[in-house]
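First comes the structure, then the notes that go with it.
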Protein chains: 2
Amino acid sequence: MTAVETLTYPDPADALELASRAADRGALVTLVGSCTVEYEGRAASSLGLGDRHVMLKPDGAALVHTDEGQQPVNWQPPGCEHSVSVDDGSLVVRSTRSTPEESLDVVFETVAHAAAFDVSDSEDLALTGTEADLKDRILDEPALVESGFTPLATERETPAGAVDIYGEDTDGRTTILELKRRRVGPDAVGQLGRYVDALDRDLHADTEVRGILVAPSVTDRARQLLAEKGLEFVSLEPP
Amino acid sequence: MTAVETLTYPDPADALELASRAADRGALVTLVGSCTVEYEGRAASSLGLGDRHVMLKPDGAALVHTDEGQQPVNWQPPGCEHSVSVDDGSLVVRSTRSTPEESLDVVFETVAHAAAFDVSDSEDLALTGTEADLKDRILDEPALVESGFTPLATERETPAGAVDIYGEDTDGRTTILELKRRRVGPDAVGQLGRYVDALDRDLHADTEVRGILVAPSVTDRARQLLAEKGLEFVSLEPP
DNA sequence: ACGTACATCTCGAAA
DNA sequence: TTTCGAGGTGTACGT
């Protein structure tokens, strides 16, 4: 972090100057003030006058945050073109992209705060407790699923998509696993069912394919669906 | 928007003082600087030293943004308890919650910027182009789905969940619609299939229930699944 | 509090 | 570019 520039209650022209320079040098820009927000693209939205925090990232992302909620009230994804201007005496931020055609317009009635930050971040997030970790755990110790289970492949392709773990049970019967890092509902059962059906059709072996849902737990409805489809469940958590 | 407080490259003690006062009066706090981030809860993550933008909202949400991406690299949902302190000469932000037990720790090596904003926002977002809008469009003009289609209920409950639109076709045959605001994949077909199966079993009428997926378009695999399950597709977009 | 499904979901990987 | 599934998904609305 080298430079930090800050303006409090700036004239629109001064805020524009700061934002323009910051964007040119790839800095992160924040603007706070009373504004309206209009969005049009995959959907369309309109937001009346209120105090919000606007963040413009050097990668083209734009975020409009209110005082509530984890999610921005409006946004634009990375890769957008930001343009800041003064129109009719008001600071205006416009962020656009194509494919799909989308535009976000923030019009400030008053700018309470404008800032630019030269941030640099080379670190990657190290995350554990994911589905990939659960997969590794099972590959390390397949007996956690079932004594005699032998993994043969991961991400094996079927006409319905890729199976998390493909293998066979102690009797040599084809057995596939669908892994979930957390408690699952009916959707995961549907997913596993599609893979089993696809393999049943593809392999047309004399014995049916076994499908096992591996997750910490399942909802009642999911358990019922598993029974209907002749699928199984094994309780297991990511390490 | 009334008060804006700003500090550039403050001492940790000064940053702490600003953040504490701001949190007490329900202001939005932002901190920018070089920091590490540790998270533990549903999963666990670790992030090495780098420049980030931290936002603490009065509703208890916390967001840690890097210079890239629309999503925060770490976060905490609304309802958390924030605590700011100085530990071993470093500014430390800790955000925790229970159910589930989760904690987020941000330790600043240097604070480049600290600010507090008294934001107020009474406006609600007006959003169009949602699934609800598609539903209204169909209820207004059911013939868009099929000549003679008659909606009888929305959100009708089945053992497998609530059906978007429940009705009957021109022959009096029970017909249910699953609506999606955008192009759909296999998951939506599975959803519709579950509802149709549940109603088939529940009503055990002499004729089978018709299931129609209503969306702008479907993927190849979804179309194939529809055919396999004897389900139908009608192309329709939200207004 | 849990369950269920929507979302301008976002994000990454693979075809 | 599209498709597909994961995600600490979040969010609203049920029960």
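The chains referred to below are lettered A, B, ... by the order of the sequence lines, with proteins before strands, and numbering in each begins at 1. All of these numbers come straight from a predicted model, not from anything done at the bench.
Put simply, the side chain of A/E131 and the base of D/dG5 share no donor and acceptor less than 3.5 Å apart. For B/N74 against D/dG8, a side-chain-to-base donor-acceptor contact under 3.5 Å is present.
Relative to the side chain of A/W75, the nucleotides C/dT10, D/dT9, D/dT11 differ in distance, and C/dT10 lies closest. Across C/dT8, C/dA5, D/dT9, the shortest atom-to-atom separation from the side chain of B/R42 is found for D/dT9. Here the side chain of B/R181 is nearest to one of C/dA7, C/dC11, D/dG8, namely C/dA7. Distance from the side chain of B/T99 is smallest to C/dA1 among D/dG5, C/dC6, C/dA1. Of the candidates C/dT4, D/dT9, C/dC2, the closest approach to any side-chain atom of A/R183 belongs to C/dC2. Taking the side chain of A/D164 as heavy atoms from C-beta on, and the options D/dA6, D/dT11, C/dC6, the nearest nucleotide is D/dA6.
Of the side-chain N and O atoms in B/R194, none sit less than 4.0 angstrom from OP1 or OP2 of C/dT4. The shortest distance between the side-chain N/O atoms of B/Q191 and the OP1/OP2 oxygens of C/dT4 is not below 4.0 Å. Phosphate contact (OP1/OP2 of C/dT8, side-chain N/O of B/T130, threshold under 4.0 Å): absent. Using a 4.0 Å cut-off, some side-chain N or O of A/T219 falls inside it from OP1 or OP2 of C/dT4. Contact annotation: B/Y195 reaches the phosphate of C/dA5 (side-chain N/O to OP1 or OP2, under 4.0 Å). Regarding contacts with the backbone of C/dC9, a side-chain N or O of B/R182 is found under 4.0 angstrom from either OP1 or OP2.
In this structure, NE2 of A/H65 is placed 14 Å from C1' of D/dT11, rounded to the nearest angstrom. Between A/E38 atom CD and C/dT8 atom P there is a gap of 16 Å when expressed in whole angstrom units. Taking atom CG of residue B/L213 and atom P of nucleotide C/dA5, one finds them 14 Å apart after rounding to whole Å. Atom-to-atom, NZ of B/K57 to P of D/dG10 comes out at 14 Å; the value is rounded to the nearest Å. The distance from atom CD of B/Q71 to atom P of C/dC11 is 5 Å, rounded to the nearest whole Å. Regarding B/R97, its CZ atom lies at a distance of 7 Å from the P atom of D/dG10, rounded to whole Å. Between A/R221 atom CZ and D/dT15 atom P the separation is 12 Å, expressed in whole Å. In this entry the distance linking CG of B/L134 with C1' of C/dA7 reads 14 Å, nearest Å.
Within the 4.0 angstrom heavy-atom criterion, no nucleotide atom of any strand lies near B/G129. Residue contacts shown for A/P78 are limited to sugar-phosphate atoms, with no base heavy atom under 4.0 Å away. B/E155 comes within contact range of no nucleotide atom at all, as no heavy-atom separation falls under 4.0 Å. Nucleic acid contact for B/E101: none, since no nucleic acid atom lies under 4.0 Å from a heavy atom of the residue. A/E68 comes within contact range of no nucleotide atom at all, as no heavy-atom separation falls under 4.0 Å. Within 4.0 Å of B/A160, counting heavy atoms only, lie sugar-phosphate atoms of the nucleic acid but no base atom.
Annotation: C/dC11 and D/dT11 have their P atoms spaced 15 Å apart (nearest Å). Remark: the separation of the P atoms in D/dC4 and D/dG8 is 22 Å, to the nearest Å.
One side chain, B/D133 or B/T130, offers a donor N or O that lies under 3.5 Å from an acceptor on the other.
Mapped onto DNA chain D by nearest heavy atom, B/A222 and B/Y39 fall at different nucleotides, with B/A222 at the one closer to the 5' end. For B/Q70 and A/V184, each mapped to the nucleotide of DNA chain C holding its nearest heavy atom, the one lying further toward the 5' end belongs to A/V184. Place A/Q76 and A/E157 on DNA chain C by their nearest nucleotides, and A/Q76 ends up nearer the 5' end.
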Show your reasoning for whether salt bridge (Lys or Arg N to Asp or Glu O under 4.0 Å) applies to A/E123 and B/R52. CA-CA 11 Å; A/E123 290 292 319; B/R52 283 123 208 174; over 6 Å; no
A/E178 and A/K180: salt bridge (Lys or Arg N to Asp or Glu O under 4.0 Å), yes or no, with the steps? CA-CA 7 Å; A/E178 174 62 30; A/K180 294 293 172 192; 3.4 Å; yes
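The shortest distance between side-chain heavy atoms of A/L49 and A/E109 falls below 4.5 Å.
A/R181 approaches A/G129 most closely through the heavy-atom pair NE-O, 2.7 Å. The minimum heavy-atom distance between B/P58 and B/A27, with the atom names listed, is CD-O, 3.9 Å.
At most 12 non-hydrogen atoms from other residues, nucleotides or ligands lie less than 6.0 angstrom from CD of B/E81.
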